[in-house]
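Presented below is the structure to which this report refers.
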Amino acid sequence: MSFPLPAPGASPQRVLIYSHDTFGLGHLRRARAIAHALVAEAPERRVVILSGSPVSHAFRFAPGVTCRRLPGVTKLASGEYQSLGPGHGLDEVVATRAALIRHVAERFDPDLFLVDKEPAGFHGEVLPALHRLKARGCRLVLGLRDVLDDPALLAPEWERKGALAVLPLYDSLWVYGLEAIYAPLDGLALPAGVAGRLTYTGYLRREAPDSEGPEEAAREPFLLVTPGGGGDGVELVEAVVRAYEAHPLEHPALVVFGPFFPAAEQAALGARIAAHPRLSSLGFDARLERLMRRAAGVVAMGGYNTFCEILSFDRPSLILPRVRPRREQLIRARAAARLGLVGVIEPGDADDPTADETARMAQALAALPHRPAPSARPIPGLLDGLPAIRRLAATADAACVAAE
């Protein structure tokens with residue numbers, strides 16, 4: 001694969017973004033938002049995204065942004081991983097991914113290497129590229145979402161992965177959130193000097209396409225139900241469908257299952273949705289922002305990207321966070337609810353749903369369109385993430401020019 005190089009005399013920044021994407025859509029969508037913001041400010045920039053997402057082809061990328069697919073892996077219910085391709089062992093796939101990452105890094109020769117979430121990459125696959133780029137003088141940045149996990153769970157995980165030992169390689173750590181909401185590395189024994197490299201950028205504002213199709217424009221006010229990628233969204237959709245089946249609710253609801261929603265459960269729930277006059281569904285929409293912008297309220301699990309969209313489009317929202325395998329969504333939902341940004345129903349005994357729980361869900365859905373929007377509780381710098389990243393990238397630009 002060849003990469004377009006800047007014109008002679010120009011000094012644009014070449015940015016390589018690593019997004020391991022073993023499960024869901026969150027990493028790719030975050031990388032895409034950052035890449036688009038960087039080229040929008042400086043069209044001469046070139047950004048390459050390395051992604052393991054099996055649905056990366058469904059997304060459009062701005063001019064100047066290239067997405068290179070890594071061989072896919074998937075996470076099993078046990079927490080173990082396996083190759084998406086038949087006949088390949090995990091070690092073989094990781095070795096192939098590591099070689100591809102190293103090859104692209106050498107050919108593209110970035111000025112800035114932005115690694116998403118995993119300091120050493122999936123199973124350490126990014127380490128060879130990190131060391132080579134460090135030796136070349138490339139600026140290394142670790143990008144972290146606002147919440148990683150409960151520190152009691154994160155600390156042993158990072159110790160097992162050797163992640164803490166990798167942190168000193170990074171010149172900077174960017175946290176895509178606000179310290180006033182949550183500090184993702186609190187409770188970890190950080191190596192000396194690492195805490196001083198942390199910058200909180202604020203959350204990443206999202207935009208929606210300006211044009212709408214006739215079907216979208218004609219839709220009456222509705223509740224948008226989104227479990228994100230959908231791989232672990234069965235309980236959320238089941239709770240909403242059950243509430244509509246048991247109680248008359250004013251606003252219709254549109255369920256967007258997501259590309260990873262389990263097929264058997266989607267078929268069963270889809271049949272119940274089709275039989276209900278106030279429910280409808282879509283399998284997957286890569287431009288979910290258009291729907292969220294028009295929704296009267298949003299029901300979601302509260303992953304990072306969905307939370308950014310709720311804030312960006314200022315939608316009243318109801319969050320039903322998952323607690324397995326990570327407590328990330330629960331931590332984020334509690335922090336946001338404490339500030340009045342969202343409503344939350346915390347998970348109960350999902351194996352034994354009672355009539356009271358269904359009634360509680362129906363009551364929350366009925367009240368959702370009348371909840372205050374997030375902007376009713378203004379927080380300085382809340383959605384300043386992309387402008388902050390552009391400023392930080394410009395700092396890296398200046399450093400590169402000075403070194404030439």
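Comment: Asp146 engages Arg332 in a salt bridge, judged by a side-chain N to carboxylate O separation of less than 4.0 angstrom. In summary, Glu235 and Arg322 do not engage in a salt bridge, as defined by a charged side-chain N under 4.0 Å from a carboxylate O. Taking the charged nitrogens against the carboxylate oxygens, Arg324 and Asp232 have no contact shorter than 4.0 Å, which rules out a salt bridge. The pair Glu250-Arg278 does not count as a salt bridge, with every side-chain nitrogen at least 4.0 angstrom from each carboxylate oxygen. Between Arg326 and Asp150 there is no salt bridge, since no side-chain nitrogen of the basic residue lies less than 4.0 Å from a carboxylate oxygen of the acidic one. Taking the charged nitrogens against the carboxylate oxygens, Arg145 and Glu328 do have a contact shorter than 4.0 Å, which makes a salt bridge.
For Arg136, the salt bridge (Lys or Arg N to Asp or Glu O under 4.0 Å) test picks out Asp109, with sequence neighbours left out. Residues satisfying the salt bridge (Lys or Arg N to Asp or Glu O under 4.0 Å) test with Glu125, not counting sequence neighbours, are Arg97. Listed by chain and residue number, Asp116 satisfy the salt bridge (Lys or Arg N to Asp or Glu O under 4.0 Å) test with Arg30 (two or more places apart in sequence, or in another chain). With sequence neighbours left out, Arg60 forms a salt bridge (Lys or Arg N to Asp or Glu O under 4.0 Å) with no residue at all. With sequence neighbours excluded, the residues satisfying side-chain contact (heavy atoms from CB on, under 4.5 Å) with Ala33 are Arg206.
Put simply, the side chain of Asp111 does not reach to within 4.5 Å of the side chain of Leu16, judged on heavy atoms. Side-chain contact between Ile17 and Val48 is absent, with no heavy-atom pair separated by less than 4.5 Å. Between Asp314 and Pro374 there is a side-chain heavy-atom pair separated by less than 4.5 Å. In this structure, Leu90 and Phe122 have side chains that are in contact, with non-hydrogen atoms separated by less than 4.5 Å.
For Phe307 and Tyr203, the distance between ring centers is under 6.0 angstrom.
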Legend entry - Trace of the side chain to side chain contact (heavy atoms under 4.5 Å, CB included) decision for Thr201 with Asp384: CA-CA 6 Å; Thr201 67; Asp384 285 354; over 6 Å; no
Inset, instruction - Take Leu288 and Thr226 through the side chain to side chain contact (heavy atoms under 4.5 Å, CB included) test and state the conclusion after the steps. - result: CA-CA 9 Å; Leu288 191 69; Thr226 169; 3.6 Å; yes
Inset, instruction - Step by step, work out the salt bridge (charged side-chain N to carboxylate O under 4.0 Å, His left out) result for Glu289 and Arg294. - result: CA-CA 9 Å; Glu289 298 91 345; Arg294 297 191 58 255; over 6 Å; no
Inset, instruction - List the steps and the verdict of side-chain hydrogen bond (donor to acceptor under 3.5 Å, both in side chains) for Arg139 and Ser172. - result: CA-CA 8 Å; Arg139 183 173 177 82; Ser172 304; 2.5 Å; yes
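For Glu106, the CD atom sits in a packed shell: over 12 heavy atoms of surrounding residues, nucleotides or ligands are nearer than 6.0 Å. Annotation: Glu157, atom CD; neighbour count of heavy atoms from other residues, nucleotides and ligands within 6.0 Å is above 12.
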Please set out all donor-acceptor pairs under 3.5 angstrom arising from side-chain atoms of residues 174-183, sequence neighbours excluded.
none

